[in-house]
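Below: one structure, written as structure tokens.
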Amino acid sequence: MTPTLRTAGQLTGTQSSDGLLPPTKTAKDARSLSAASLMPAKQPSYARSMNIPGSFAPELRSFNSRIDLARIEVGSYGGHEGQRDDNTTEERQANFRDRIEKETKIKVGTENLLEALNAKSAKQARDQRKVVESELNTSNRKIAQLQQDLATEIQRSKEQAPLSPKGRLSRLFRSAPVRTQSHQDQQIDEDEPSHDLEVESPTYILAEILRALEGEGMPSDYYVGQANDLVELFKRHPALKYDLAWPIFGLRMQMMMLGESREVVAAAYRVMRYAITDRKSLRIMRALQTDYFVILSLVKESKARVEREQALKFVRAFLDVKDGTQEIHPAVARIVVAVADHHDDQLRGIAILTLAEMLLKHPTLVAEASGLSVLCEAMGSGVYFAPETLIEPFLHLMDMPTRRRLLRSGFEFSSAFASFTEPVLNHHHEDRLLTSARVVVALFRSWPGLITLSLHQFLPVRSVVSTLYVTNLPVRTAVLDLLIIILRIKSPSWSSSFIGGRRLTTYGRVTNMRAGQQEASSTAQPAVGEAQKRSLVQHFTAVVLAVLLQQGLLKALMYAETDAPTQALRRRTTLLIAEVLRMSSELLPASWSYGMQSMPGLFDAAINFRNDDRFQAVAAVYQVDSINRTLYRSISSQDASVKTSEDSAAVRARAASKSQANAAMDETFFRAKMLETQILNTVNYTKWDWPGILELIEGPMINPKRLQEAMVTSKFVHRLLGFLRPFKYRFSDAANTKANQRYIRTACALLKLLLQTTEGAKYLESNKLVPQIGECLAQQDPVSGITSKTPLFSPDRMSGTLVGGYFAMLGVMCSDSKGMQILERWKIINIFYHIVELKESDDLIRALLVNLDYTLDSHPRIILSKTMIASSKQMRIMATKILRKYSMMPIEATIVGGGAAEWAIKLLVAQLYDPEIEICEVAIKILEETCNDMNSLEYVVKCRPALDHLGEIGAPLLLRFLSTSVGYHYLDGLDYITKEMDDWFLGRNDTYVTIVEASLARALAESPDTFKPASDEGLDPQDFGCVPPHFYRELTRTVEGCKLLQTKGHFEEFAATIQDFVHEDEDTEIILKVKGCLWAVGNVGSMELGAPFLERTEVVKYIVQIAQESQVMTLRGTAFFALGLISRSLHGQEILAESGWDGTTNVMGESLGYVLPVDLNKLFAIRPLVASDRISTIERSTRAPQRHGSRGPAGSATKTDPATRTDPADKAILDSIVMLGNTVLTNKALAELHRHKAKRASGFQKPALFKKAMALLAAHSYRIPQYRFVIDLFDKSVLRSIVLEEDSDDEDDSDDSEGGV
């Protein structure tokens, strides 16, 4: 292994993921002796497990030189022998342990084989037994020898000599880069005594490293190595940086940053970044003149990327400290803006991201530095890879009126909309369209964004809609995609076929799909519809749709349909029109949807017989009607709540009548049908008619006579069962594909049919199918003694073939008492018990438990209960999810001892006490869904679950208990209601606001096409965007809860808070409190029993006032959603109608919870921005950074110097720098500055003039080349004089003596 060598004073530290590599040093033979060339291939990274202050992207790493892979003579570098021996010893020990583990596995396998041979006859296995015994003896000898060698190696490593201090540091940073060792290093090593590593303190190591940094004139890699050691010390001992001696530490960092080597300066930035603790430490660092260093580093050319990258990381570290942005000087913000505005800069993306974060935490700083225009340009130009993330800080500013004054009334976002209307000039236009579309979508996904779009009479929205009149193909396609995403339209499965040109005149497939889904979801709970009615996302989508329709969306779509560039685009537009019409009828009030359904303009063109375009309009009307009918048929795939019990009953009735007709089939026709299946003609199962076979099994063979004929008279059933037998290797070797799943369905139907009659059960019992399945399962049972080189239920065969279908067949047999008797006869039940005890067969156990049937009170229930207690964590979670299906069954009081639902609920309640919290969460979710049924809820309460130990996890289930009187009295007896009520009143209401807003933001950020449907266990419902359970809503469901709410007087307190702070727009804490009160009032008002509270307090009119007049956009959105909840009750609808708000109802007159004002413009009325207020706000806010910036570039400008004030040459230089920022006078300013430089003006050696120049650069906007030009005018000794506070008389001498290091 490559030994770790040392440098003078200390060894280099571990090269972490964001560490720095020392510069390349070339030896006499031209070989690279850099540390990078001698580093091992892989090293442990500490950065991956820690949040590095200021880090922004793991892929941005610093590489200053090419890695040289030339062969190096390691022995020539005087390495530390003890370090090399220690590493070799560890490798040997690991090698011995690996070999012992392998030999142990071989031994175990040999012993198992020997046990299997002992079970056979002695004559047959005699020779094999001898070979196996010989192998077993060899394994034992090898294991003994390896264990002896391992013990010897461990003893030898313990007897090694103690290490020197250099060796201790090497042990601390073991994977340090290897470098050459100088003569001075060897001399230092000889003088150092030996100490114990455990006695060494981090403080002592820190002192040694700082002492080593005192050396001057050392090579660059020496300082880089010491800096890396210092960083690793901070990472291993984070508390060490709180006790730094800043005068000494700061001086070392200043000297490093004054060095000529870029790598040394970058290392200094990195060390200081890891030394940051709090805002006080930032002030100390700024006192070291770091502002000057950062500016000088960032203006350098791209070849100094390592230094510039670490400088920008250092600035970003300020953002990770609380109130750290207050310590960022405006001059530093200016240079970051300049980097973000420099088109060819490699760090432009990182600078843009840094500006966005600064805008979020300190908006006035970015506004003063002219960073808003740079961020706005990045949003629309496509230069930033994630432009939609840049919109969030702007929307944060738009939310509050005090922050909103920094913007120019919403025109900052116009660049994103310009891409849709500007002419196509180059091939990058499509990329810009996609980038701009992402920004526009982000605006349509939040309340601040939506209200921003309403500025200037909805000018941005009208810009999007008017783009539909542009016939350019890329633009039209981008706009249609944009509208589909904005309206959250989930494309139907047949949309691609329709757009491709197929006709939608055959609905058979869609109808079959609908029937199948209805049958599969016949047990759907009413909670799905409940959640759908309370969907905040749908309510928000209704507002977006209303805004678009008000700005002429439907008219523009009809024009786009008639003037489409291609046929595919016309069909896509037609599909969008149909979706808009459907959504308007579902989400908008009747006053909106009535006028939309007639499609004004299109019908007029269709009935205009004098116009030749009439036929095109008629075709469009026909297409829209066809799509509407198809959408109606397939609507069940998107919304399960529309499926009614009458529809399911009708489907079952039609299926039953068809089965009865098939069962009455006569003998001749039945024989002909059997012949048509080809089973009786050939044994090649690929030629069989499997749909016909399944039709016979589910139809005529239900008749006992037909079944008897298929079993006895013909070989129909015999050949089917023979095909399924494992050792025939036909079914068991079939590929596990979607098409072959029909074999499993047919097999399960056949077994289910045979078990329905006594003759069929006897026939199945006498067949070899079940015994062979049992023998294959016994191969996985270590107790059975049956083994196989290629077991049937191996993981590969389980995933690649249909052998997993045998578990589905066993599940069918477990659902019938006759099938259980057959399984007990062949001891398969015993094998089940043994399989669930296996430790490394989770896939087999999962397949078994998922397919077993637990409706009968028999062995499968015991097996599942055993798995839920004694198996691994993942298996217990899976077993708990299985119970959902049975807990949703109706409670049957007539069954003695309880049915499957009672059994499942009892097990779920028992799972609440599992030590793993994840299992408790799964059980809570299932029980919460089970409680949607009133009888199930009462039974859960009857089980009296104790949920105190679960804390917040069990809160949703306890809230469900409040919805019934039985649960209310149970919780009242536990003294839960009073404590929880006080908790919600004092603080949980505010927490609820955060939960709702985060859930809504997550739901709006997701595309509807990316939503994953609920899994089979039903544990992954898309709850994001729905109203979470609220204590006061559940409390208002019962009369007892309403009495308690009235007694406590909490509702009156909520109403009073809303009334008192209707116009609050500054205090964030009060705004949060008002939001919590709005959600509480809305949840209470959504219940019918909550109507008296609304009537008594008259709080609705104040909520309406907030929704229409509040200047805080998120508060206005909260009031809007609260009104939607209030509209859920009949009394709430009446109150809102009196206030000028209209709600959406279904055909039965029931409210859907979507409400809009009759005059939509009232919802978006916002006070215009006054320009003078904006200017004064910025001026007030920019005074704060200058108070703590006295040592920075701009702060230094306040200090006046008589020499610079009276010297005409210095004044001329400053005037030229000011002109440099003027585009018209730039050339003149450059010429004057060149003339001053040629004359060797004395001002370029004056620190005072340098400070004045830096102050001017901080006060105006300059580009990176201009920054670089001005700074290069001054002598390099000026910065050293400023940093070290040297006298001007000694500047030249100090510069000559120090050499810049």
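Computed from a predicted structure; not experimentally measured. Residue numbers run from 1 in the order of the sequence given.
- Shown here for Leu375 and Ile352, the closest heavy-atom pair between the two residues is CD2-O, 3.7 Å.
- Panel note: side chain Glu263, backbone Val224; no donor-acceptor pair is recorded below 3.5 Å.
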If you apply the rule side-chain hydrogen bond (donor to acceptor under 3.5 Å, both in side chains), what do you find for His342 with Arg348, and how did you get there? CA-CA 7 Å; His342 194 206; Arg348 186 182 187 188; over 6 Å; no
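- Checked for salt-bridge contact, Asp320 and Arg316 miss the test: no charged N lies under 4.0 Å from a carboxylate O.
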Quick one, Arg1268 with Asp1272, criterion salt bridge (charged side-chain N to carboxylate O under 4.0 Å, His left out). Give me CA distance, side-chain angles, the key distance, then yes/no. CA-CA 6 Å; Arg1268 189 182 304 129; Asp1272 289 343; 5.6 Å; no
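- For the atom pair CG of Leu230 and CZ of Arg252, the computed distance is 11.5 Å after rounding to the nearest 0.5 Å.
- In this structure, His362 and Thr364 have side chains that are in contact, with non-hydrogen atoms separated by less than 4.5 Å.
- Put simply, CG on Leu282 and CZ on Phe318 are 4.5 Å apart, with the number rounded to the nearest 0.5 Å.
- Between Lys1251 and Ile1282, the closest side-chain pair of non-hydrogen atoms falls below 4.5 Å.
- Using a 4.5 Å heavy-atom cutoff, the side chains of Ile1217 and Leu1273 are not in contact.
- Side-chain contact between Leu443 and Pro460 is absent, with no heavy atoms from C-beta onward closer than 4.5 Å.
- Closest non-hydrogen pair, Lys241 versus Tyr274, comes out as CD-O, 3.2 Å.
- Remark: the backbone N or O of Leu213 is not paired with any side-chain donor or acceptor of Tyr223 at under 3.5 angstrom.
- For the side chain to side chain contact (heavy atoms under 4.5 Å, CB included) with His329, the qualifying choice from Val294, Ile335, Ile295, Asp291 is Asp291, the only one to do so.
- Across every non-hydrogen atom of Leu397 and Pro363, the tightest pair is CD2-CB, 3.3 Å.
- In this structure, the side chain to side chain contact (heavy atoms under 4.5 Å, CB included) partners of Ala275, at least two apart in sequence or on a different chain, are Phe234, Leu244, Trp246, Phe249, Met285.
- Distance check: Lys313 NZ to Leu347 CG gives 10.5 Å after rounding to the nearest 0.5 Å.
- Atom CG of Leu1214 sits about 5.0 Å away from atom CG of Leu1249, to the nearest 0.5 Å.
- Inter-residue side-chain proximity for Phe293 and Leu258 is flagged as met; some heavy-atom pair is nearer than 4.5 Å.
- Once rounded to the nearest 0.5 Å, the distance linking CD of Glu377 with CG of Leu372 reads 13.0 Å.
- When the shell of 6.0 Å around CZ of Arg1263 is examined, it contains 12 or fewer heavy atoms from other residues, nucleotides or ligands.
- Val339 approaches Asp345 most closely through the heavy-atom pair CG1-OD2, 3.7 Å.
- With hydrogens and angles disregarded, a donor-acceptor distance shorter than 3.5 Å links the side chain of Asp278 to the backbone of Ser281.
- Ring-plane geometry between Tyr269 and Phe314 is classed as tilted, the angle between the planes lying from 30 to 60 degrees on a 0 to 90 degree scale.
- For the side chain to side chain donor-acceptor pair (under 3.5 Å) test, residues two or more places apart in sequence or in another chain that qualify with Ser1216 are Glu1232.
- A donor-acceptor pair is defined here as one N or O able to donate and one able to accept, closer than 3.5 Å; no such pair exists between the side chain of Gln310 and the backbone of Val265.
- Annotation: side chain of Glu388 is not in contact with side chain of Val441 (no heavy-atom distance under 4.5 Å).
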Given side chain to side chain contact (heavy atoms under 4.5 Å, CB included), test Gln226 with Met218 step by step and report yes or no. CA-CA 12 Å; Gln226 299 298 334; Met218 305 298 294; over 6 Å; no
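- The nearest pair of heavy atoms linking Tyr1262 to Leu1256 is CE1-O, 3.6 Å.
- With Lys303 as the partner, the side chain to side chain contact (heavy atoms under 4.5 Å, CB included) test is satisfied by one option alone out of Glu301, Arg305, Glu307: Glu301.
- Atoms CG and CD, on Leu365 and Glu327 in that order, are 11.5 Å from each other to the nearest 0.5 Å.
- Contact detail for Arg334 and Ser1261: the closest heavy-atom pair is NH1-OG, 2.7 Å.
- The main-chain N or O of Ala317 is never found under 3.5 Å from a side-chain atom of Arg273 such that the two would form a donor-acceptor pair.
- The closest side-chain heavy-atom distance from His396 to Arg403 is below 4.5 Å.
- Contact of the Gln1266 side chain with the Leu1220 side chain is registered, since non-hydrogen atoms from C-beta on lie closer than 4.5 Å.
- Scored by the side chain to side chain contact (heavy atoms under 4.5 Å, CB included) test, Leu1225 finds Met1219, Asn1222 as partners (sequence neighbours excluded).
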List the steps and the verdict of side chain to side chain contact (heavy atoms under 4.5 Å, CB included) for Met257 and Thr290. CA-CA 9 Å; Met257 287 190 288; Thr290 55; 4.2 Å; yes
Step by step, work out the side chain to side chain contact (heavy atoms under 4.5 Å, CB included) result for Ile328 and Met358. CA-CA 9 Å; Ile328 299 178; Met358 290 169 58; 4.2 Å; yes
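- Of the possible donor and acceptor atoms, none in the side chain of Arg279 sits under 3.5 Å from a partner among the backbone N and O of Gly324.
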